[in-house]
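Working notes, beginning with the structure itself.
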Number of protein chains: 2
Amino acid sequence: MSAFLGLYIHSFRIHTIAHSPITTMSHSYTEENYIKAIYKLSANGTQEVNTNAIAEVLETKAASVTDMLRKLSAKDIVNYVKYKGVSLTEQGERVALQIIRKHRLWETFLVEKLKFNWDEVHEVADEMEHISSTLLTNRLDEFLGFPKFDPHGDPIPSETGEMKQIKQRLLSDMEVNDAGVVVGVNDSQPLFLQYLDKMGIALGSKIKIIDKIPYDNSLEINLEDNKKLLISSEVSKNIFLSA
Amino acid sequence: MSAFLGLYIHSFRIHTIAHSPITTMSHSYTEENYIKAIYKLSANGTQEVNTNAIAEVLETKAASVTDMLRKLSAKDIVNYVKYKGVSLTEQGERVALQIIRKHRLWETFLVEKLKFNWDEVHEVADEMEHISSTLLTNRLDEFLGFPKFDPHGDPIPSETGEMKQIKQRLLSDMEVNDAGVVVGVNDSQPLFLQYLDKMGIALGSKIKIIDKIPYDNSLEINLEDNKKLLISSEVSKNIFLSA
DNA sequence: CAGTGAATTTAGATTCACCTAAAAATAAAA
DNA sequence: TTTTATTTTTAGGTGAATCTAAATTCACTG
Ligand SMILES: [Mn+2]
Ligand SMILES: [Mn+2]
Ligand SMILES: [Mn+2]
Ligand SMILES: [Mn+2]
């Protein structure tokens with residue numbers, strides 16, 4: 001087999017071979033966390049991700065990040081140019097999407113099947129997303145009925161990395177008299193989600209903007225056609241409504 | 001709270017406090033594998049576990065085991081005397097039982113909910129047993145209906161570490177005309193379980209011994225009152241029947 | 001466009017889990 | 001009871017992932 005591959009490399013295209021998934025390379029727990037962090041940071045802006053940003057989200061030091069970037073670059077997971085920032089290669093993006101798939105499927109499992117609250121699942125899923133078996137991932141997906149969105153409204157990548165993209169806009173970007181349904185949150189931290197629970201805001205809640213206070217950009221909203229609420233700017237920047 | 005505990009230590013028994021779970025210490029993935037290995041090796045014989053045995057089951061070298069034993073000894077997880085072997089402390093046994101609890105609950109989940117075959121679950125569970133959340137473990141237990149045995153017939157420890165012990169004996173120890181129900185296997189390796197599948201032997205199967213061939217200790221058995229089978233000595237040493 | 005400040009990388013160390021080779025202790029045989 | 005064989009430990013070292021401190025490069029500003 002090894003001999004055959006050797007032949008193949010010499011007869012055809014070396015480059016394709018190097019990038020192809022003949023060796024479905026596996027990555028350490030740590031490498032996977034870096035890959036996910038880079039994916040999430042590049043999802044926002046379209047530019048290269050910088051070292052300090054990665055260090056911050058992973059709660060590590062810039063020097064450690066540089067080490068890892070060199071390593072991931074050698075593995076062809078990232079495009080890395082010294083001092084110029086980093087981005088995922090196609091292979092890297094595929095890996096990232098599989099980690100995110102697992103994260104969001106497990107979050108869905110925890111909420112749907114084990115009755116976790118949506119603010120309790122992130123930390124646990126951060127561990128479970130590293131379980132390697134793809135059979136497990138696909139069976140879990142099936143068991144859950146092939147869900148397209150996780151408990152925070154985030155899309156779940158399919159086995160091939162595709163996700164449903166829904167049109168959404170931030171509550172903070174809407175105008176008086178606009179209305180919509182809550183379809184996602186921009187922040188999955190427990191404190192924020194607990195606040196939403198307390199206010200009675202959940203995925204699926206109907207919201208209409210009644211008034212906008214220019215002084216601090218807070219909003220007066222109507223929740224489910226009856227309850228009036230005051231929402232700060234910080235909060236409205238973290239709620240997505242259907243567009 | 002801390003102040004109160006301080007008082008308690010001085011007023012009553014220092015030793016109990018030192019062993020109590022004030023600091024619910026956490027253990028690395030690697031440490032947990034050693035703890036589990038030592039538990040399983042001491043479950044058989046009652047004597048101390050020796051270094052080479054641990055090295056063998058963990059597929060590592062004796063020198064590495066010695067390093068880890070010193071480390072686990074410092075953490076009060078094992079009683080370790082140089083050259084004399086090792087055993088788990090009470091705390092170590094508690095930790096081991098929680099790992100085994102998770103392993104067996106996840107195996108049960110995989111078979112009951114995700115339709116895995118019983119020969120496919122061990123490797124996956126070896127990863128999942130390290131997920132730390134006790135809330136997750138207990139919710140999973142509840143979701144599965146508090147099962148008492150895993151897909152291989154092994155007892156599942158409760159949150160407090162208790163397990164149902166069923167009376168069982170090896171098929172190889174039984175006599176002609178004895179009968180019983182399969183309640184467990186002594187070997188969970190895929191190849192053995194696949195062989196049982198092929199033969200139609202599963203947990204719950206009724207078996208009666210028809211004849212015993214002295215030459216090689218193989219058995220002629222009746223499976224489910226109709227099917228006649230020939231079972232080698234190796235196989236019969238790995239099947240438990242109800243006593 | 002030189003000069004400062006921030007971002008990034010390098011240099012050098014540490015900890016964890018592992019290894020090989022050699023020494024020491026224990027167990028088995030002669 | 002010596003001698004020999006086996007088991008176990010020590011000594012010394014490696015790679016992964018981390019750190020601090022110092023050097024370098026980049027970006028902005030006067
Ligand atoms: Mn999450
Ligand atoms: Mn989520
Ligand atoms: Mn198992
Ligand atoms: Mn089992």
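Below, all heavy atoms of this structure are taken into account, side chains as well, without hydrogens, waters or symmetry copies. Below, read A as the first sequence line, B as the second, and so on, with proteins coming before strands; counting in each chain starts at 1.
Listed by chain and residue number, nothing satisfies the ring-ring contact (aromatic ring centres under 6.0 Å, His included) test with B/Phe240 (two or more places apart in sequence, or in another chain). When the side-chain hydrogen bond (donor to acceptor under 3.5 Å, both in side chains) test is applied to A/Asn138, the partners found at least two apart in sequence or on another chain are A/Arg101, A/Glu159. Contacts of B/Asp119 classified as salt bridge (charged side-chain N to carboxylate O under 4.0 Å, His left out), with partners at least two apart in sequence or in another chain: none. With sequence neighbours excluded, no residue forms a salt bridge (charged side-chain N to carboxylate O under 4.0 Å, His left out) with B/Arg70.
Between B/Lys61 atom NZ and C/dT20 atom P the separation is 4 Å, expressed in whole Å. Between B/Glu48 atom CD and D/dT8 atom P the separation is 12 Å, expressed in whole Å. If you measure from atom CG of A/Leu72 to atom P of D/dA16, you get 12 Å, rounded to the nearest angstrom. Distance, A/His27 NE2 to D/dA16 P: 15 Å, rounded to whole Å.
Within 4.0 Å (heavy atoms only), A/Thr30 reaches sugar-phosphate atoms of the nucleic acid but no base atom.
Under 4.0 angstrom from either OP1 or OP2 of C/dC16 there lies no side-chain N or O belonging to B/Tyr34. OP1 or OP2 of C/dT9 has not a single side-chain nitrogen or oxygen of A/Arg70 nearer than 4.0 Å. In this model, the phosphate group of C/dC18 is not approached by any side-chain N or O of B/Thr60 to a distance below 4.0 Å at OP1 or OP2.
One donor-acceptor pair, N or O on each side, does fall under 3.5 Å between the base of C/dC18 and the side chain of B/Asp67.
A cation-pi contact, defined as under 6.0 Å to the ring centre and within 45° of the axis, links A/Lys113 to A/Phe143.
The ring pair (Phe, Tyr, Trp, His ring centres under 6.0 Å) contacts involving residues 122-141 of chain B comprise B/Tyr29-B/His130, B/His103-B/His122, where partners must be two or more places apart or lie in separate chains.
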Might you list the N or O atoms of the protein lying below 3.5 Å from N or O atoms in nucleotides 6-8 of chain C, with each pair's distance?
unit_1: C/dT8; atom_1: OP2; unit_2: A/Asn52; atom_2: N; d: 2.9
unit_1: C/dT8; atom_1: OP2; unit_2: A/Asn52; atom_2: ND2; d: 3.4

